[in-house]
Amino acid sequence: MNMSYLETTDPEISAIIDKETARQVNGLELIASENVVSRAVLEASGSIMTNKYAEGYPGKRYYGGCEFHDMAENLARDRVCSLFGAEHANVQPHSGSQANMAVYFTVLKPGDKILSMNLSQGGHLSHGSPVNFSGIIYESHQYGVDLNTEQMDYGIIAEMARKVRPKIIVCGASAYPREIDFKAFAEIAEEVGAYCVADIAHIAGLCATGIHPSPVGITTFTTSTTHKTLRGPRGGFILCDKEFAAPIDKSVFPGMQGGPLMHIIAAKAVCFREASTDGFKKYSEQVVKNSRTLAETLSSNNVRLVSGGTDNHLCLLDLTNFGITGLEAEQALGNAGITVNKNTIPNETKSPFVTSGLRVGTPAVTSRGMKESEMKQIGEWISAIMQDSKNTGLQDKIREEVKSLASQYPLYPDLT
Ligand code: PLP
């Protein structure tokens with residue numbers, strides 16, 4: 001990338017960016033929550049739109065000079081509504097956690113009950129974890145997966161909901177490889193008089209393209225990030241019916257945030273346009289095909305997959321059979337240029353800093369153009385390292401092979 005001005009004015013930060021560029025270019029990114037944005041998204045998010053304060057909403061700002069920011073935000077809102085078939089969108093949340101916060105602020109009072117998925121079995125911090133605002137402000141009750149099938153059991157969740165009588169039920173996960181039945185959640189919520197919040201942060205790209213059923217129009221609120229399977233800039237958004245438009249907007253601003261990140265909103269608009277194309281649908285299909293191929297390859301090498309497989313962009317690996325922890329596996333694979341993250345698994349016996357599992361996802365490598373045959377190769381590399389995790393010679397050898405594969409799939413083919 002041409003960053004010649006930065007190179008001259010701030011060589012220290014420029015050198016750091018160069019190192020990170022080399023890491024991304026030469027390695028394989030298998031962190032399920034990451035992706036590689038398009039050059040257009042990159043340009044919009046690095047644009048002059050960052051210079052402006054635009055507190056408020058299009059047509060009702062607290063600063064002058066917002067006419068072009070109004071146009072950008074209107075485009076982002078219209079595009080995401082049309083992408084998901086939603087009545088109303090708020091594209092200002094700086095992140096997925098803040099999108100969730102805004103929904104909670106809209107319908108909950110401190111001390112109200114929320115029912116959501118346990119962090120250690122696939123949920124997210126912002127779903128009521130005791131170390132997060134959501135678990136501190138609200139009374140959090142959590143469901144997990146059935147420990148035999150390692151999948152959600154809607155009968156058990158319904159029973160919990162009847163007992164707890166929560167004000168909201170959150171569905172959606174950070175480390176759940178299976179399809180989520182949003183309709184079942186909405187029915188449970190309706191039965192107990194709760195609002196239903198679908199957090200599609202991970203699977204937004206799959207929902208937008210119909211590869212995973214979408215919760216929009218089914219649950220009361222949908223929250224999401226833009227930077228995972230949706231392949232946009234880092235950020236969040238909220239979708240809801242018109243009925244909740246005003247209170248949701250008020251919760252985001254002035255309730256929770258000040259000035260929106262207008263360069264990011266411009267980049268979100270670019271991402272929503274890209275996600276509505278046939279090319280993005282093909283990409284999303286390939287993400288899931290790649291994930292399945294990776295899962296099959298790992299499984300045929302005796303790696304146990306939580307829930308036995310995957311329906312989406314990620315798989316969760318149980319490393320217990322190999323006698324290594326998630327932390328050790330993350331480090332060993334990192335040495336070989338394969339970036340993954342350690343992850344707790346159902347029935348976890350270790351701390352979240354150690355864990356017995358790994359989460360691997362295919363959005364980023366698929367964005368680079370990799371397909372099933374590359375996934376088989378990556379699965380073989382991961383398996384070989386799991387079987388011999390202390391062998392640094394093997395890690396060095398694989399790192400060279402990874403570099404060679406990566407060089408055939410440039411991050412930005414159109415950039416020199
Ligand atoms: N919700 C889910 C399900 C997530 O997986 C994540 C992030 O990993 C978030 C919310 C929060 O997103 P952010 O990191 O942008 O706050």
Side-chain angles (χ1 to χ4, degrees), residues 29-35 37 41 45 80 90-105 114-129 131-135 138 140 142-145 152 168-180 182 185 196-208 212 214-215 219 221-239 252 256-257 260-261 264-265 267-268 271 287 310-316 339-344 352 355 357-364:
E29 189 57 72
L30 292 180
I31 291 184
S33 50
E34 295 183 12
N35 212 328
V37 298
V41 165
S45 58
V80 74
N90 187 303
V91 296
Q92 292 194 2
H94 299 332
S95 74
S97 297
Q98 279 164 297
N100 285 335
M101 184 186 259
V103 169
Y104 302 162
F105 281 3
I114 67 178
L115 178 62
S116 55
M117 193 169 190
N118 199 315
L119 176 65
S120 69
Q121 295 189 23
H124 185 258
L125 281 167
S126 62
H127 295 179
S129 159
V131 298
N132 182 264
F133 82 92
S134 55
Y138 308 111
S140 170
Q142 305 219 292
Y143 57 86
V145 291
M152 290 180 192
I168 60 167
I169 299 178
V170 184
C171 45
S174 297
Y176 187 66
R178 295 302 190 171
E179 191 170 296
I180 298 173
F182 292 120
F185 272 108
C196 194
V197 185
D199 178 346
I200 60 167
H202 261 262
I203 54 171
L206 308 182
C207 293
H212 186 293
S214 168
T219 57
F221 302 100
T222 298
T223 60
S224 187
T225 57
T226 33
H227 48 270
K228 299 184 170 93
T229 50
L230 204 51
R231 207 165 67 184
R234 310 198 72 75
F237 65 92
I238 304 164
L239 305 174
V252 176
M256 187 192 67
Q257 289 181 181
L261 308 175
I264 296 300
I265 288 176
K268 284 175 183 174
C271 146
V287 165
T310 178
D311 299 325
N312 61 22
H313 62 299
L314 67 87
C315 16
L316 202 51
T339 313
V340 296
N341 68 278
K342 58 185 172 292
N343 217 99
T344 53
T355 82
L358 275 186
R359 187 182 67 163
V360 293
T362 53

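Note that ligands are numbered from 1 as they come in the structure, with each ligand's atoms numbered from 1 the same way.
- For R359 (side chain) and S174 (main-chain N/O), a donor-acceptor pair under 3.5 Å exists by modelled atom type.
- Looking at S95 next to ligand 1, an N or O pair under 3.5 Å apart turns up.
- In this structure, the side chain of N35 engages the main chain of K228 through a donor-acceptor pair within 3.5 Å.
- Close approach to H227 involves these atoms of ligand 1, each under 4.0 Å from a residue heavy atom: 15 (O).
- The single protein non-hydrogen atom nearest to atom 10 (C) of ligand 1 is D199 OD2, 3.3 Å, given as residue, atom name and distance.
- A distance-only check finds a donor-acceptor pair linking the side chain of T225 to the backbone of A201 [under 3.5 Å].
- Here the two rings, on Y143 and H127, have centers that are 6.0 Å apart or farther.
- Listed for the T226 side chain is a donor-acceptor partner under 3.5 Å among the backbone atoms of P233.
- Checked against a 3.5 angstrom limit, the closest N/O atoms of T225 and ligand 1 fall outside it.
- Evaluation of the side-chain hydrogen bond (donor to acceptor under 3.5 Å, both in side chains) rule for T229 yields no partner, not counting sequence neighbours.
- For atom 5 (O) of ligand 1, the closest heavy atom belonging to the protein is S174 OG, 2.6 Å.
- Between G96 and ligand 1, at least one N/O pair is under 3.5 Å apart.
- Ligand 1 places these atoms under 4.0 Å from at least one heavy atom of H202: 5 (O).
- Partners of R178 according to the side-chain contact (heavy atoms from CB on, under 4.5 Å) rule, which considers only residues two or more places apart in sequence or in another chain, are Q151, Y176, S307, D311.
- Between H127, K228, H94, it is K228 that holds the heavy atom closest to atom 8 (O) of ligand 1.
- K268 places no side-chain N or O within donor-acceptor distance of the main-chain N or O of G232, the cut-off being under 3.5 Å.
- In terms of protein heavy-atom proximity, atom 16 (O) of ligand 1 is closest to S97 OG, 2.7 Å.
- Defined by atom type and a distance below 3.5 Å, a donor-acceptor pair is missing between the side-chain atoms of S45 and R234.
- Put simply, part of A173 is less than 4.0 Å from ligand 1, judged by heavy atoms.
- Contacts between S33 and ligand 1 below 4.0 angstrom, taking non-hydrogen atoms only, are absent altogether.
- Heavy atoms of R234 found under 4.0 angstrom from ligand 1: none, in either backbone or side chain.
- Protein heavy atoms all stay at least 4.0 Å away from atom 14 (O) of ligand 1.
- Here Q98 has no heavy atoms under 4.0 Å from ligand 1, in either its backbone or its side chain.
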